[in-house]
S.K.: 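Okay, here's the structure, questions in a sec.
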Protein chains: 4
Amino acid sequence: MPKQPDPARRSERSRQAILDAARELVSEVGFAKLSIEAIAARAGVGKQTIYRWWRSKGAVVFDAFLALSEGGEGMALPDTGDIEADLRLVMRATVAEFADPAFEAPIRALNMEIINDPDLAAQYREKLAGPVDEAKKARLRSAQRAGQIAADADLDLALELLYAPLYQRWLLRTGPLTPEYADALVDLTLKALRPPV
Amino acid sequence: MPKQPDPARRSERSRQAILDAARELVSEVGFAKLSIEAIAARAGVGKQTIYRWWRSKGAVVFDAFLALSEGGEGMALPDTGDIEADLRLVMRATVAEFADPAFEAPIRALNMEIINDPDLAAQYREKLAGPVDEAKKARLRSAQRAGQIAADADLDLALELLYAPLYQRWLLRTGPLTPEYADALVDLTLKALRPPV
Amino acid sequence: MPKQPDPARRSERSRQAILDAARELVSEVGFAKLSIEAIAARAGVGKQTIYRWWRSKGAVVFDAFLALSEGGEGMALPDTGDIEADLRLVMRATVAEFADPAFEAPIRALNMEIINDPDLAAQYREKLAGPVDEAKKARLRSAQRAGQIAADADLDLALELLYAPLYQRWLLRTGPLTPEYADALVDLTLKALRPPV
Amino acid sequence: MPKQPDPARRSERSRQAILDAARELVSEVGFAKLSIEAIAARAGVGKQTIYRWWRSKGAVVFDAFLALSEGGEGMALPDTGDIEADLRLVMRATVAEFADPAFEAPIRALNMEIINDPDLAAQYREKLAGPVDEAKKARLRSAQRAGQIAADADLDLALELLYAPLYQRWLLRTGPLTPEYADALVDLTLKALRPPV
DNA sequence: AGATAATCGAGACGGTACGTCCGGTCTTTGT
DNA sequence: ACAAAGACCGGACGTACCGTCTCGATTATCT
């Protein structure tokens, strides 16, 4: 029986130091050149302490950014009654976030991990993307009730229509991320979801 | 002066052996576990010969698949006059291609490279995606002329609306890729692009 | 701070395996064709473990033979009272040792290292040559007390006179090493050192 | 039949450039770190041109210094009638030569080659050491005729007695090379060779 | 309070792969 | 026809990290 480590005895000080070091190093050298040895050295921690609590380099980095973003549980999107205005606001904010060069390296690192590791992807969906998507769908449902969106629209698909183009542009660097682009996406998506006349 | 190798003296036999070995190994062990040493050994080639002509492991893999797909220059999409039917056909084919487990590993490897290396991304766009996108846009323009799509529609954006959701689903494994999904995407996109009444 | 390895944690098992492998390989392929990779492979050891504890290939080989020869500390030459007979005995033994083809390769390897690396040379003098030379000089001093050798003779020089010709012949292969040669050297040297009448 | 190169077609310009480059590089980086690639590059010559005419790196270096020292054929040592004074002069000159730091690297390189390659050693003896030794022995023979040295002395051994200690000290760096040391060697050797009373 | 036990920092270990250098051979190009 | 240039295969270099494995030296609970 491969003895499991006892979470009760875990050193919080070490955990924090490791996550901090991971965040710093991802920003400094990028995810590909990040090594567990470097994290351990920077954190002043034995390598075993990392291997004891995380499965892989990716899991550490993932946790590092998960810890940052935690607390989006009960989030809600603005609901002024005007779905187009509300979505523009949200999409423009998203575009701005992605365009911020300070987040470039870490977000890209996080995405590489999610893309390559289905387990992490599941965890990501559950802990981070899930709640946020729920909030977004809640707003769309509200618009459905208001008759601004077709009652039978597939809201998951609707979210993909809104966000996937943005995500793809950022990931593949195929074009600029501007407020106008955000507006155009909202515009097209709402046209696609408009209830039948 | 770091002295560039002379392309005229390049050994075509070695080039082919390397690209073949790279393709085989990506399929066998995946991109992450692929090593230049292994490629050189499989190809019966000195490591230096790889380093002489490629900047990185990614560049080799990229070239390996680029070589495979070359020749899609003069491609054209079907044009029956019915844009919806034509797009469904194409999108269903794309969905099927992505869902094919045999292509999973290499396409994913290629994508990781493109995502991480802007230079390769540019090369990819120019050599592979560009011509294909042009063909797709040609078909959409034909639909514009036929009045099936708004005359002022941004065709690049239209392509993103069609393909980005599919790409995202596949990349992040957030949902199944089915013919119905392809149809739904075509449906929504055409609604978004429909000319004003 | 280049961080020194901690000798307390050193693996004795690995150390022995490395020295054994080095000895074997020097005999098999000679010093020039000896590689650290081969030593590591033969010893079942990581290359780093060699680089951690030795500065160079030469240092390993040197240690390998140092370890063999250790324990000549309290050695003493025969002292029958007849310096000529005693020296002939010792010199004939030395000649025989050098002429032994089994020792050719390793001794030559050791010598090349000493010739090329002043640090190793110092270590060699301190650990191996020094004690032996002391024993030889002790015997010569005894002969001085007995009036067989000039009281003011420079004993270091005397040792050179005895051994350097032998060493040179062996090193440069300029002539055969025979018992008669040993005798002749003893004869000449004693003539050179004879006390004034 | 492995076609032999035709010496008649040999490029004298290339030969000189290679030997010059070899000499320079031995002085700059030492023999161990000297590479044929570097010689070829420095000489502005293809590697093949070196491999065509020399067996090994050592052979090139050897030739380089052979070419320098050539012309000692008809040399003769001074003969004032006083063997001790003449030998002191010669030995002091030899000591000075060995002590010159400018010759350290190349002479050492040459010696390593001779020690390791019996073929080169034979060539060295024939072309360089032989004539010089003959001259030295001629002077000793003259001393024999003058009754300063035993008539039955083995002159080869005598040369070894004179030069081997000096050579050993220099090679193994076991002591300083001073004029006094030269004198002491001459003194002892002559004592050893003195004719019987 | 002392004993017990797991985690901790540290870092040596057997390995794999890196990217570079060079050895010696083979091929192309220019003169 | 040669020789310069240099690409080629191969092997070793010395380094960086991998993930595992001891080591004492702290903790941190449980007698």
Side-chain angles (χ1 to χ4, degrees), chain A residues 3-11 13-15 17 33-41 43-53 55-57, chain B residues 3-11 13-15 17 33-41 43-53 55-57, chain C residues 3-11 13-15 17 33-41 43-53 55-57, chain D residues 5-6 8-11 13-14 17 33-41 43-53 55-57:
Chain A
K3 185 167 42 176
Q4 296 303 317
D6 175 357
R9 290 181 177 278
R10 181 167 191 179
S11 158
R13 157 194 292 273
S14 294
R15 200 186 133 268
K33 295 200 169 178
L34 177 64
S35 73
I36 289 201
E37 297 230 340
I39 297 175
V45 139
K47 280 200 289 176
Q48 199 59 248
T49 303
I50 298 183
Y51 284 109
R52 193 166 10 244
W53 302 108
R55 287 191 306 106
S56 68
K57 175 176 78 162
Chain B
K3 190 154 55 177
Q4 299 303 320
D6 175 356
R9 293 180 179 277
R10 182 166 192 178
S11 157
R13 156 193 291 274
S14 294
R15 200 185 132 267
K33 295 199 170 181
L34 176 64
S35 72
I36 290 200
E37 297 230 338
I39 297 175
V45 138
K47 279 200 288 178
Q48 200 64 230
T49 301
I50 299 184
Y51 285 109
R52 198 174 357 252
W53 302 110
R55 289 191 305 103
S56 67
K57 177 176 74 163
Chain C
K3 188 152 56 175
Q4 299 302 319
D6 177 356
R9 293 183 178 279
R10 181 165 190 180
S11 158
R13 156 192 293 273
S14 294
R15 199 185 132 268
K33 295 199 170 180
L34 175 65
S35 73
I36 289 200
E37 296 229 340
I39 297 175
V45 137
K47 279 199 288 178
Q48 200 63 238
T49 301
I50 299 184
Y51 285 109
R52 191 163 16 240
W53 302 109
R55 289 191 302 107
S56 67
K57 178 176 74 161
Chain D
D6 175 357
R9 294 185 174 281
R10 182 165 188 181
S11 156
R13 157 194 292 273
S14 293
K33 295 200 169 178
L34 176 65
S35 72
I36 289 202
E37 297 230 341
I39 297 175
V45 140
K47 281 202 285 178
Q48 199 56 247
T49 303
I50 298 184
Y51 284 109
R52 195 167 5 246
W53 301 107
R55 287 192 305 104
S56 68
K57 175 176 77 163

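Residue numbers start from 1 in every chain, and the chains themselves are labelled A, B, ... in the order their sequence lines are given, proteins ahead of strands.
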S.K.: Once side chain to side chain donor-acceptor pair (under 3.5 Å) is applied, do any residues pair with A:R52, and if so which ones, sequence neighbours excluded?
M.R.: none

S.K.: Let me know the distance between CD1 of B:I39 and C1' of E:dT16, rounded to the nearest Å.
M.R.: 15 Å

S.K.: Whole-Å distance between E:dG11 P and C:W53 CH2?
M.R.: 11 Å

S.K.: What is the separation between atom CZ on C:R52 and atom C1' on E:dG14, rounded to the nearest whole Å?
M.R.: 10 Å

S.K.: Check the surroundings of atom CZ in A:R10: do more than 12 heavy atoms from other residues, nucleotides or ligands lie under 6.0 Å from it?
M.R.: yes

S.K.: Can you tell me how far CD of A:E37 sits from CD1 of A:I39, rounded to the nearest 0.5 angstrom?
M.R.: 10.5 Å

S.K.: Find which nucleotide of DNA chain F each of A:S56 and D:R13 is nearest to by heavy atoms, and output the residue with the more 5' nucleotide.
M.R.: D:R13

S.K.: Roughly, in whole Å, what's the span from CZ in A:R15 to C1' in E:dC8?
M.R.: 16 Å

S.K.: Would you mind telling me which residue lines up with the more 5' stretch of DNA chain E, B:R9 or C:D6, judged by nearest nucleotide?
M.R.: C:D6

S.K.: Answer yes or no: does a side-chain N or O of A:S11 lie under 4.0 Å from OP1 or OP2 of F:dT27?
M.R.: no

S.K.: Is a side-chain N or O of B:K57 found less than 3.5 angstrom from the main chain of B:L34, in a donor-acceptor match?
M.R.: yes

S.K.: How does protein contact run along nucleotides 10-15 of chain F, one letter per nucleotide 5' to 3', with B for base contact, S for sugar-phosphate only, - for none, heavy atoms under 4.0 Å?
M.R.: B-BBBB

S.K.: Figure out the CD1/P separation between A:I50 and E:dT7, and round it to whole Å.
M.R.: 16 Å

